[in-house]
Amino acid sequence: MPDNETPELIPRLQLSRNWENPADFATHQHSEIQNRRDIQSLFTEIVSYLNNVMLPRAEQLLAEGGGGGGSGTGGGASGDYLPLDGGTMRGILRLFRDPALDAEAVTKRYVDALTGAIRTDMNGNFSAIRQDVDAIELLVQDPNGIASLLLRADAIEGRVTNAEGDIGSLQLRADSIEGRVTNAEGDIGSLQLRADGFETRIANAEGDISTI
């Protein structure tokens, strides 16, 4: 076997003759006795393979924990396979592509692409830039609050939240400007400017509402 080939888990069945093409047995294709002998010969070879090759090898693999790694460390007789229950590899594992399903493992390239614009420090401060095809979002967070800015083709949205739960937001569109403030007590104030109108709204925690 060449050095670059991986040994088989279970050796393949090697028959003494080619049984795939019945035309190869033209010398006795009309002999019932010879046909029975052929069938018996084939049956004997298969049974011998099952009893003397396949079953002992399967028992060995089970004893090794699935073909290397019964101890969970990737060891075993061959050390080429991890058990189904898990184990630890001594070398690196290369994935051939980025994940496509939720439960798939991820590549370093995939993680770097997601986290490359994220920054944190020891004080809990956090900043990130997320870029999609149709939007860019900036986020800054520290123990005292959160500020975010979302840029889209049709709008710009800003939002600020402080540690007390107060929230202020501003949305800018081509046809309107809207501001909104909410505090921890549930009071709400909003302001909307349009080309054809102006509206203010105030609502408190008790449900009182006034508008202009």
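We use all heavy atoms of the structure for the numbers below, so side chains are in, but hydrogens, waters and symmetry mates are not.
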Point to revise | Crowding at CG, Asp196 (>12 non-hydrogen neighbours, <6.0 Å) | key: yes

Can you give me every donor-acceptor pair (side chain of residues 152-161, partner residue at least two apart or in another chain, under 3.5 Å) with its distance?
residue : atom : partner : partner atom : Å
Arg152  : NE   : Asp154  : OD1          : 3.2
Arg152  : NH1  : Glu157  : OE2          : 3.0
Arg152  : NH2  : Glu157  : OE2          : 3.4
Glu157  : OE2  : Gln171  : NE2          : 3.1

**Study point:** Validation row: Asn51, Pro56 side chains within 4.5 angstrom (heavy atoms)
**Key:** no

Check your understanding: Taking Ser48 for the side chain and Thr44 for the main chain, is one N or O donor matched with an acceptor at less than 3.5 Å?
Key -> no

Exercise for review: Find the distance between CD (Glu137) and CG (Leu150) and round it off to the nearest 0.5 Å.
Suggested key: 5.5 Å

Revision key, fill the gap. Distance col, row Leu93:CG vs Thr107:OG1, nearest 0.5 angstrom, shows 11.5 Å

Point to revise | Common cluster, Phe198/Ile202, ILVMFWY with side-chain heavy-atom separation under 4.5 Å | key: no

Identify every side-chain donor-acceptor pair in residues 184-191 under 3.5 Å, counting partners at least two apart or on other chains, and give the distances.
residue : atom : partner : partner atom : Å
Asp187  : OD1  : Ala205  : N            : 3.1
Asp187  : OD2  : Asn183  : ND2          : 3.2

Review point. Which distance, rounded to the nearest 0.5 Å, do you find between the CZ of Arg57 and the CG of Leu55?
Key: 13.0 Å

**Study point:** Rounded distance (nearest 0.5 Å) linking atom NZ of Lys108 with atom CZ of Arg94
**Key:** 14.0 Å

Exercise for review: Compare every heavy atom of Met89 with every heavy atom of Ile92, then report the nearest pair and how far apart it is.
Suggested key: O-CE, 3.9 Å

Review point. Is the count of non-hydrogen atoms from other residues, nucleotides or ligands lying under 6.0 Å from Asn52 atom CG greater than 12?
Key: yes

Review point. Are Phe126 and Val140 co-members of a hydrophobic cluster defined by side-chain heavy atoms under 4.5 Å apart?
Key: no

**Study point:** Distance (rounded to the nearest 0.5 Å) between Ile129 CD1 and Leu138 CG
**Key:** 5.0 Å

